[in-house]
Amino acid sequence: MPRSLQTMSSWALLLRLLALLRPPGLVEACSCAPSHPQQHVCHSALVIRAKISSEKVIPASADPADTQKMIRYEIKQIKMFKGFEKVKDIQYIYTPFDSSLCGVKLEANSQKQYLLTGQVLNDGKVFIHLCNYIEPWENLSFLQRESLNHHYHMNCGCQITTCYTVPCTISAPNECLWTDWLLERKLYGYQAQHYVCMKHVDGTCSWYQGRLLLRKEFVDIIQP
């Protein structure tokens, strides 16, 4: 099969998988399981800082009967934090055109910079969607920016569990409880912005803010 057709086929397959993952009845909605920024970095094949130069709508496959579209963003890569072994310098990233398939809308031709996490396809193309961690660079805290270089990568052996209700308890020694939703009713609150789930020499994990221990309310939330 020609390389261009293989590329289009891989995009079309990803779009179909996203459609299958969409919950029944939610025709115009994208649904994603919550993940802490640290989890996003650990589970993503690629993590970069970039600006969006331009965008173009293209077909998702070479099949004339396929009406799905993709957005191809031309980017200016500023820094790569993860993915060196897969790609060197990225010129384009791709996302579904439809928001119902978790397509990402980014600002092109502006000074805005983004943190982008995503997947790298077999042909080297970079694919992103709303279930990835995509944030304007200016919205990241100092700890988040610093952790992209070291702490997130070094602590991927830790498990982060989202707490929705109390009691919320640890089920494994390498687990950290993510309580932003309970305390602030939003996912990317103070804990996501200012804490890292770090692994100790004995294999246990706990929240740390630099050299500080976790705040008392993060401890209290695990009590029945």
Side-chain angles (χ1 to χ4, degrees), residues 17-18 20-23 30-49 79-86 102 114-120 126-137 139-224:
L17 287 173
L18 287 172
L20 289 173
L21 289 171
R22 188 172 54 201
C30 170
S31 180
C32 308
S35 293
H36 186 276
Q38 181 173 333
Q39 291 172 293
H40 279 291
V41 171
C42 289
H43 298 158
S44 296
L46 183 86
V47 182
I48 61 172
R49 177 184 178 184
K79 185 172 182 178
M80 181 178 289
F81 300 99
K82 186 178 180 182
F84 303 96
E85 72 284 359
K86 294 182 178 294
C102 300
Y114 290 94
L115 173 70
L116 303 171
T117 68
Q119 292 75 44
V120 180
V126 176
F127 185 85
I128 64 171
H129 51 74
L130 283 175
C131 295
N132 298 126
Y133 188 56
I134 297 171
E135 283 287 328
W137 185 257
N139 291 354
L140 300 179
S141 68
F142 176 79
L143 180 134
Q144 286 177 308
R145 298 181 187 188
E146 289 296 303
S147 296
L148 290 169
N149 290 308
H150 301 293
H151 294 310
Y152 285 161
H153 304 278
M154 294 171 59
N155 293 283
C156 288
C158 294
Q159 302 296 319
I160 300 175
T161 299
T162 308
C163 288
Y164 299 103
T165 60
V166 290
C168 183
T169 59
I170 292 175
S171 59
N174 68 331
E175 185 179 8
C176 292
L177 300 181
W178 183 21
T179 58
D180 278 340
W181 180 254
L182 277 176
L183 299 178
E184 304 181 46
R185 282 295 181 258
K186 62 181 181 180
L187 287 178
Y188 301 127
Y190 192 88
Q191 193 178 14
Q193 294 174 339
H194 300 287
Y195 282 80
V196 176
C197 182
M198 298 189 69
K199 196 166 190 175
H200 306 285
V201 292
D202 62 358
T204 62
C205 295
S206 61
W207 291 112
Y208 273 86
Q209 182 188 38
R211 294 182 177 275
L212 301 178
L213 290 171
L214 71 165
R215 286 161 47 187
K216 184 176 183 297
E217 57 262 42
F218 296 159
V219 178
D220 291 345
I221 207 71
I222 71 172
Q223 302 300 327

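Counting begins at 1 with the first residue of the sequence.
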Passes side-chain contact (heavy atoms from CB on, under 4.5 Å), Q193 versus Q144? Steps please.
CA-CA 6 Å; Q193 294 174 339; Q144 286 177 308; 4.2 Å; yes
What do the steps show when you test V41 against F81 for side-chain contact (heavy atoms from CB on, under 4.5 Å), and what is the final call?
CA-CA 9 Å; V41 171; F81 300 99; over 6 Å; no
Kindly determine whether V47 and L115 satisfy side-chain contact (heavy atoms from CB on, under 4.5 Å), including the steps that lead there.
CA-CA 7 Å; V47 182; L115 173 70; 3.7 Å; yes
For side-chain contact (heavy atoms from CB on, under 4.5 Å), just list the numbers for W137 and E135, CA-CA rounded to whole Å, side-chain angles, deciding distance to a tenth of an Å, and then say yes or no.
CA-CA 6 Å; W137 185 257; E135 283 287 328; over 6 Å; no
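M154 meets the side chain to side chain contact (heavy atoms under 4.5 Å, CB included) test with H150; sequence neighbours excluded. Partners of H200 according to the ring-ring contact (aromatic ring centres under 6.0 Å, His included) rule, which considers only residues two or more places apart in sequence or in another chain, are Y208. By the side chain to side chain contact (heavy atoms under 4.5 Å, CB included) test, Y164 is found to be paired with P34, T162, W181, residues two or more places apart in sequence or in another chain being considered.
Judged purely by atom type and a 3.5 angstrom limit, K82 has no side-chain atom pairing as donor or acceptor with the backbone of H153. Looking at Q39, its side chain does come within 3.5 Å of a backbone N or O of I160 through a donor-acceptor pair. A donor-acceptor distance shorter than 3.5 angstrom exists from the side chain of T117 to the backbone of Y133, with no hydrogens or angles considered. Remark: side-chain polar atoms of E146 are not paired, donor with acceptor, to backbone N or O of F142 under 3.5 angstrom. Although no hydrogens or angles enter the test, the distance criterion places no donor-acceptor pair under 3.5 Å between the side chain of N132 and the main chain of I128. Using modelled atom types, one side-chain atom of Q38 and one backbone atom of N155 make a donor-acceptor pair closer than 3.5 Å. Side chain of E184 to main chain of Y190: a donor-acceptor pair is present (N/O by atom type, distance under 3.5 Å, no hydrogens or angles).
Across the pair C30 and C102, the gap between the SG atoms, which is the quantity tested here, stays under 2.5 Å. Taken together, C176 and C158 fail the criterion of an SG-SG distance shorter than 2.5 Å. Cysteines C205 and C197: SG-SG separation is not under 2.5 Å.
Between the side chains of T179 and Q191, at least one donor N or O lies within less than 3.5 Å of an accepting N or O. Between the side chains of W178 and D180, at least one donor N or O sits under 3.5 Å from an acceptor N or O.
With a 4.5 Å cut-off on side-chain heavy atoms, H129 and Q119 count as touching. Side-chain contact between T169 and E175 is absent, with no heavy-atom pair separated by less than 4.5 Å.
Here the NZ atom belonging to K79 is positioned 8.5 Å from the CZ atom belonging to R49, to the nearest 0.5 angstrom.
Here the closest heavy-atom approach between residue G83 and residue L46 is recorded as CA-CD1, 4.2 Å. Of all non-hydrogen atoms in Y188 and P37, the two that sit nearest each other are CE2-CD, 3.7 Å. Across all their heavy atoms, W207 and L177 have their closest contact at NE1-O, 2.8 Å.
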